[in-house]
Amino acid sequence: MFAALLPALAFAAAAALAQNSTSDVTQAFIHANLVPDVLPSFNPGGLLSVVYTNNATGGTIDVTPGKNLTVQDVLLRPQVSLTSDNSTLANETFVLVLVDPDAPTPQNTSAAQIRHILAGGLRPNGSLADGTLLVKSTPAVSDYLNPNPPAGSDPHRYTVLLYVQPENFDIEVSRFVNASTPIFGFNVSVFAQELGLGSPVAGNFFIAGPASNSSAAQSITASSGASATTQSQSSSGLTSASIRSIGIGLVIALRVVLIV
Ligand SMILES: *[C@@H]1O[C@H](CO)[C@@H](O)[C@H](O)[C@H]1NC(C)=O
Ligand SMILES: *[C@@H]1O[C@H](CO)[C@@H](O)[C@H](O)[C@H]1NC(C)=O
Ligand SMILES: *[C@@H]1O[C@H](CO)[C@@H](O)[C@H](O)[C@H]1NC(C)=O
Ligand SMILES: *[C@@H]1O[C@H](CO)[C@@H](O)[C@H](O)[C@H]1NC(C)=O
Ligand SMILES: *[C@@H]1O[C@H](CO)[C@@H](O)[C@H](O)[C@H]1NC(C)=O
Ligand SMILES: *[C@@H]1O[C@H](CO)[C@@H](O)[C@H](O)[C@H]1NC(C)=O
Ligand SMILES: *[C@@H]1O[C@H](CO)[C@@H](O)[C@H](O)[C@H]1NC(C)=O
Ligand SMILES: *[C@@H]1O[C@H](CO)[C@@H](O)[C@H](O)[C@H]1NC(C)=O
Ligand SMILES: *[C@@H]1O[C@H](CO)[C@@H](O)[C@H](O)[C@H]1NC(C)=O
Ligand SMILES: *[C@@H]1O[C@H](CO)[C@@H](O)[C@H](O)[C@H]1NC(C)=O
């Protein structure tokens with residue numbers, strides 16, 4: 001009898017926790033003004049776990065909403081997991097977006113939003129009730145650009161959102177974001193609306209300031225909150241391509257646009 005009950009109890013506990021904590025996430029988004037700065041409203045149906053591995057120490061960093069991180073912490077593409085008691089989501093494919101609404105600075109958002117990740121084709125690799133890694137099967141539309149706010153800037157709010165992927169996403173997305181689309185001046189709400197993504201099912205965010213505040217004036221115009229990094233394929237597979245050369249191109253493009 002106990003054996004039969006236990007799984008049900010475990011499920012109920014996970015569901016209750018997820019339920020409780022999603023309202024905590026909503027509160028954190030509201031408290032940080034991400035509602036309304038990034039989203040008109042936010043009612044997640046699950047918890048998005050974002051885990052970074054520090055490239056220097058090898059230690060993992062579990063992002064809780066509003067956590068302060070360093071640019072060193074967030075150098076490498078994170079792994080993401082979803083916990084949800086909504087069983088319909090188990091069979092869905094997801095789109096992951098990471099945006100910076102505070103570029104180049106929270107006081108001057110003329111370059112916002114910066115698109116730090118845009119990737120579809122993420123699928124749950126286990127039980128959503130217990131929380132499971134989302135594994136990527138297709139190349140990212142925009143590969144990971146590590147957060148790197150300009151010297152002198154106040155910290156930025158890096159916002160991670162997960163949407164259910166609609167049927168024709170892979171075909172439709174290139175009309176809105178492709179190789180010639182700048183990474184700045186993005187608007188995730190408009191993007192979601194145009195592609196029929198609906199409201200995000202889960203989200204998270206972290207805060208990161210510049211590595212140093214030296215030579216503030218010139219850096220603010222030059223780097224605008226984004227920089228590129230080269231990465232090898234990770235097991236989460238959040239895309240494989242090396243983007244150093246694209247990144248350099250983007251930084252040059254940013255310079256031209258932002259300085260002119
Ligand atoms: C659940 O949420 C309520 C209301 O936000 C809060 O008072 C409570 O501490 C939370 N419980 C847990 C375990 O997080
Ligand atoms: C991560 O660390 C390794 C070894 O120190 C280094 O070769 C690599 O360039 C680092 N990656 C990034 C993105 O800085
Ligand atoms: C993050 O850092 C800021 C400034 O140092 C501090 O006011 C805030 O309480 C910190 N937030 C958390 C969640 O630790
Ligand atoms: C579960 O997720 C689906 C999206 O796949 C959504 O349409 C539905 O409203 C959600 N159900 C609940 C109870 O939130
Ligand atoms: C999940 O999707 C596959 C392929 O569309 C389908 O065959 C399967 O029945 C679905 N499973 C559930 C639980 O909806
Ligand atoms: C840089 O200066 C800004 C503005 O004074 C401050 O918010 C931020 O915490 C500073 N960053 C560092 C790494 O000292
Ligand atoms: C590429 O994206 C831009 C928007 O950045 C859009 O104007 C253009 O039509 C897209 N190109 C194609 C071939 O869809
Ligand atoms: C994004 O677009 C929406 C709808 O047009 C608008 O209300 C919102 O202010 C825009 N957000 C940013 C950061 O530009
Ligand atoms: C997906 O799940 C399977 C079975 O649990 C496991 O062997 C595999 O390593 C997982 N994939 C990733 C990328 O973690
Ligand atoms: C805002 O930042 C842009 C770079 O994105 C810069 O060109 C502009 O001068 C800045 N405006 C103010 C008022 O500082």
Side-chain angles (χ1 to χ4, degrees), residues 11 14-16 18-34 41-48 50 61-71 73-74 82-95 99 102 106 111 113-115 118 120 122-124 128-129 134 141-142 147 149 153-159 161-188 190-211 213 246 249-250 253-254 257:
F11 178 80
Q19 195 93 44
N20 201 57
S21 309
T22 53
S23 71
D24 296 343
V25 176
T26 300
Q27 286 311 310
F29 267 67
I30 292 169
H31 185 71
N33 294 319
L34 291 172
S41 64
F42 186 40
N43 298 295
L47 289 175
L48 184 65
V50 176
I61 302 131
D62 206 340
V63 176
T64 49
K67 191 167 191 161
N68 289 322
L69 299 179
T70 67
V71 290
D73 288 335
V74 297
L82 179 64
T83 307
S84 177
D85 55 9
N86 182 345
S87 56
T88 349
L89 295 178
N91 217 23
E92 298 285 6
T93 301
F94 297 93
V95 176
V99 292
D102 296 322
Q113 299 161 355
I114 302 267
R115 195 174 62 248
L118 173 56
L122 284 94
R123 300 200 46 97
L128 282 182
L134 299 176
V141 180
S142 295
S153 173
D154 281 340
H156 296 200
R157 298 163 296 169
Y158 294 92
T159 310
L161 299 171
L162 190 75
Y163 296 86
V164 171
Q165 180 170 324
E167 201 88 336
N168 290 325
F169 179 79
D170 287 334
I171 298 160
E172 293 287 306
V173 68
S174 63
R175 288 175 40 217
F176 301 98
V177 179
N178 51 58
S180 62
T181 309
I183 57 153
F184 54 87
F186 188 64
N187 183 325
V188 70
V190 167
F191 176 78
Q193 194 163 25
E194 277 171 340
L195 280 151
L197 298 183
S199 301
V201 292
N204 206 332
F205 69 99
F206 59 87
I207 312 290
N213 273 338
I246 298 170
L250 288 171
L254 278 170
V257 170

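Counting starts at 1 for both ligands and their atoms, following the listed order.
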message = For Asp73, give me all partners under salt bridge (Lys or Arg N to Asp or Glu O under 4.0 Å), at least two apart in sequence or on another chain.
response = none
inquiry  = To check you understand the geometry: which heavy-atom pair defines the closest contact between Asn187 and Gln113, and what is its length?
reply    = CA-OE1, 3.5 Å
Shell of residues surrounding ligand 7, defined by a 4.0 angstrom heavy-atom cut-off that is strict = Ser174, Arg175, Phe176, Asn178, Thr181
key: Contact (N/O only, under 3.5 Å) between Asn68 and ligand 3   = yes
query = Looking only at atom types and distance, does a side-chain atom of Ser84 sit under 3.5 Å from a main-chain N or O of Gly45, one as donor and one as acceptor?
reply = yes
note = Near Leu89 (heavy-atom distance under 4.0 Å), the atoms of ligand 4 are 2 (O), 4 (C), 5 (O)
inquiry  = Going by ring pair (Phe, Tyr, Trp, His ring centres under 6.0 Å), name the residues that satisfy it together with Phe205, two or more places apart in sequence or in a different chain.
reply    = Phe29
ask   = Which atoms from ligand 3 have a heavy atom of Gly66 less than 4.0 Å away?
value = 13 (C)
query = Is there a side-chain contact between Val177 and Phe186 (heavy atoms, below 4.5 Å)?
reply = yes
message = I'd like to know if the side chain of Arg115 reaches the main chain of Pro182, judged simply by a donor and an acceptor atom lying under 3.5 Å from each other, with no hydrogens or angles considered.
response = yes
message = Once side-chain hydrogen bond (donor to acceptor under 3.5 Å, both in side chains) is applied, what residue pairs with a partner in residues 169-178 remain, sequence neighbours excluded?
response = Glu172-Arg175, Asn178-Ser180, Asn178-Thr181
